[in-house]
Amino acid sequence: MNKVIVVVGPTGVGKTKMGVELAKVFDGEVISGDSMQIYKQMDIGTAKVTKEETQGIIHHLVDIKDPTDSYSVKEFQETVRKKIQEILSKGKTPILVGGTGLYIKATLYDYEFSETQDNHEDMKEKYAHLDNHQLYNYLMSIDQSSALELHENNRQRVLRAIGIYEQTGQRKSEQLAKQKHECIYDAYFVGLTIDRELLYERINQRVDVMKNLGLEKEVCSLYKNGLTRAHQSMKAIGYKEWFDYFEGLCSLDDVYENIKKHSRQYAKRQYTWFKNQFDMHWYEVDLTCFDKTVTKIVEDIKNEK
RNA sequence: AGGGGCGUGGUUCAAUGGUAGAGCAUCGGUCUCCAAAACCGUGGACGCGGGUUCGAUUCCUGCCGCCCCUG
């Protein structure tokens with residue numbers, strides 16, 4: 001089999017476990033498709049796979065960065081594509097498991113990113129004197145078709161489009177036009193889902209578990225090591241909520257409530273992405289009998305090839 | 001118990017004698033490197049009763065509920 005298996009779904013649905021189960025069946029290695037589990041020292045809050053949970057299955061792209069490092073989709077794309085080749089050449093099955101939709105799509109599809117530096121801070125400064133409307137008009141003047149795809153309030157993306165043109169001399173829209181927008185692997189997309197209410201319950205429970213496992217201690221030690229809200233790693237749910245607390249702006253209860261809330265909102269955004277971006281095979285996870293779901297997926301994949 | 005204050009969508013808070021507006025939450029959506037991010041759209045409310053008035057959420061009043069002070 002020369003297939004890449006992709007397991008996605010909202011946070012808390014059971015992707016990690018599914019990845020391991022599928023790896024056992026298909027002689028696979030798991031590649032994490034997650035923008036935050038790449039960071040060392042961030043174990044509890046990112047619900048990172050534990051040693052026991054891996055059951056001996058190799059997991060790539062976990063613990064590859066320090067929390068002070070920044071990271072990019074492009075880097076992810078390059079690293080994972082290499083990993084996939086490596087695993088395939090060993091005759092094993094790559095199993096990409098994660099919740100970061102853009103990272104996964106960029107890797108599996110023929111996305112090509114411009115050779116620009118990661119400099120959104122500079123761009124922010126450079127154009128601080130323009131309001132949203134003015135900035136948008138500027139983009140309209142240099143790359144109209146990209147502008148039309150964006151809302152003028154989405155300053156982050158407007159700036160990005162401007163940056164691409166300024167640094168490469170090529171318009172973002174032109175770049176996109178060169179791509180085919182197709183999946184470059186023989187991939188089988190497994191989308192895991194459960195009833196929304198149930199998912200939210202699970203998310204809430206999982207946050208309670210994180211609390212008991214010592215999330216506060218984990219975050220405190222990062223904080224003491226000098227990590228701030230500005231670091232990319234500290235944008236993660238489960239971590240960013242603590243800064244208000246450390247600054248005396250909210251209570252400890254608020255921290256956990258916010259983590260729950262942000263996780264729920266994240267799950268919702270993941271659903272809309274996965275529903276609309278991939279040729280997905282959806283599976284309702286059987287919570288009383290996880291193996292049933294595994295069996296069903298295994299059958300479907302075997303019938304595919 | 002006495003004095004004062006407050007009761008507006010899920011929540012925090014506005015405004016107004018001519019049937020109410022915002023933030024957050026909710027729900028839906030967008031997506032080519034900050035993506036666990038950024039952004040867009042959406043439904044939903046004047047505690048209950050009486051009075052004044054052409055008309056009350058707004059003024060008066062009774063009740064209920066909550067908060068503060070005093071004892």
Side-chain angles (χ1 to χ4, degrees), chain A residues 8 10-12 15 32-39 42 45-48 67 69-80 98-124 132 135-136 143 145-146 148-161 163-164 167-168 170-182 196-197 200 203 206-207 210 229-242 250 254 257-278:
Chain A
V8 299
T11 184
K15 296 187 291 294
S32 163
D34 188 293
S35 64
M36 290 301 171
Q37 293 190 8
I38 55 164
Y39 288 113
M42 292 170 59
T46 63
K48 203 179 279 172
D69 295 334
S70 58
Y71 195 63
S72 70
V73 187
K74 187 174 172 157
E75 190 176 343
F76 180 87
Q77 182 192 51
E78 286 165 0
T79 316
V80 172
T100 307
L102 176 68
Y103 282 23
I104 291 170
K105 184 152 192 187
T107 302
L108 268 17
Y109 281 62
D110 62 334
Y111 276 29
E112 267 179 59
F113 298 107
S114 312
E115 290 296 334
T116 56
Q117 263 123 34
D118 225 7
N119 66 339
H120 30 271
E121 286 306 317
D122 297 346
M123 287 296 288
K124 248 196 233 173
N132 290 353
L135 192 70
Y136 185 76
D143 182 359
S145 51
S146 290
L148 291 174
E149 298 292 314
L150 297 170
H151 190 280
E152 69 173 42
N153 289 348
N154 202 344
R155 209 180 162 86
Q156 187 168 294
R157 298 259 178 86
V158 172
L159 273 176
R160 170 69 187 157
I164 290 174
Q167 290 181 45
T168 67
Q170 211 181 73
R171 290 181 244 283
K172 182 185 157 195
S173 50
E174 291 171 341
Q175 278 229 316
L176 287 191
K178 281 194 240 155
Q179 299 167 25
K180 292 185 190 150
H181 311 283
E182 58 184 23
R196 188 73 73 92
E197 292 259 323
Y200 285 179
I203 286 173
R206 191 159 79 156
V207 173
M210 288 177 184
R229 325 165 98 101
H231 286 97
Q232 193 174 336
S233 61
M234 291 298 107
K235 302 256 166 82
I237 296 167
Y239 299 85
K240 62 178 173 185
E241 293 83 2
W242 292 87
C250 76
D254 291 338
E257 279 314 304
N258 286 336
I259 294 174
K260 288 176 184 175
K261 182 176 80 189
H262 292 152
S263 301
R264 278 182 253 124
Q265 295 173 328
Y266 176 46
K268 190 237 117 207
R269 266 180 278 131
Q270 288 176 303
Y271 267 126
T272 55
W273 178 278
F274 295 134
K275 267 192 295 194
N276 300 308
Q277 298 286 330
F278 295 118

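So you know, we letter chains A, B, ... as the sequences are listed, proteins then strands, and number each from 1.
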For atom [atom1] of [X] and atom [atom2] of [N], their distance in whole Å:
{"X": "A:E174", "N": "B:U32", "atom1": "CD", "atom2": "C1'", "value": "15 Å"}
{"X": "A:Y271", "N": "B:A35", "atom1": "OH", "atom2": "C1'", "value": "19 Å"}
{"X": "A:F274", "N": "B:A35", "atom1": "CZ", "atom2": "C1'", "value": "11 Å"}
{"X": "A:L135", "N": "B:A38", "atom1": "CG", "atom2": "P", "value": "17 Å"}
{"X": "A:I104", "N": "B:A36", "atom1": "CD1", "atom2": "P", "value": "9 Å"}
{"X": "A:H120", "N": "B:A35", "atom1": "NE2", "atom2": "P", "value": "8 Å"}

So is the aromatic ring of A:H151 stacked onto the base of B:U30, judging by whether the centres are under 5.5 Å apart and the planes are under 30° apart?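 Taking the rule of under 5.5 Å and under 30°, the ring of A:H151 does not stack on B:U30.
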Aromatic stack A:Y111/B:U32: centroid gap under 5.5 Å, interplanar angle under 30°: yes
Proximity to the side chain of A:K74 - top-ranked nucleotide from B:C33, B:A36, B:U32: B:C33
Closest to side chain of A:R157, choosing from B:A36, B:U32, B:C34: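 The closest nucleotide is B:U32.
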Separation between CG of A:D34 and CD1 of A:I38, rounded to the nearest 0.5 Å: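 The CG atom of A:D34 sits 8.5 Å away from the CD1 atom of A:I38.
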Comparing nearest nucleotides in RNA chain B, the 5'-proximal residue of the pair A:D110, A:R196 is A:R196
Considering every strand shown, what is the Watson-Crick or G-U wobble mate of [N] when both distances are under 3.5 Å?
{"N": "B:G55", "answer": "none"}
{"N": "B:G71", "answer": "none"}
{"N": "B:A15", "answer": "none"}
{"N": "B:C64", "answer": "B:G7"}

Return yes if a side-chain donor-acceptor contact under 3.5 Å exists between A:K48 and A:Q37, otherwise no.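 No, no side-chain donor-acceptor contact under 3.5 Å.
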side-chain N/O A:K275 vs B:G29 OP1/OP2, d < 4.0 Å: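 So the side-chain polar atoms of A:K275 do come within 4.0 Å of the phosphate oxygens OP1 or OP2 of B:G29, strictly under.
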Would you please confirm or rule out a distance under 4.0 Å between OP1 or OP2 of B:C33 and any side-chain N or O of A:R160? yes
Hey, is CD on A:E112 packed in by over 12 heavy atoms from elsewhere, all under 6.0 Å? no
May I ask you to decide if the ring planes of A:Y103 and A:F76 are parallel, tilted or perpendicular, using 30° and 60° as cut-offs?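 A:Y103 and A:F76: tilted rings.
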Pair of N/O donor and acceptor under 3.5 Å linking B:A38 base with A:R155 side chain: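 Check fails, no donor-acceptor contact within cut-off.
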Return yes if some donor-acceptor pair links the side-chain N/O of A:E182 with the main-chain N/O of A:K180 below 3.5 Å, else return no.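 A pair under 3.5 Å: no.
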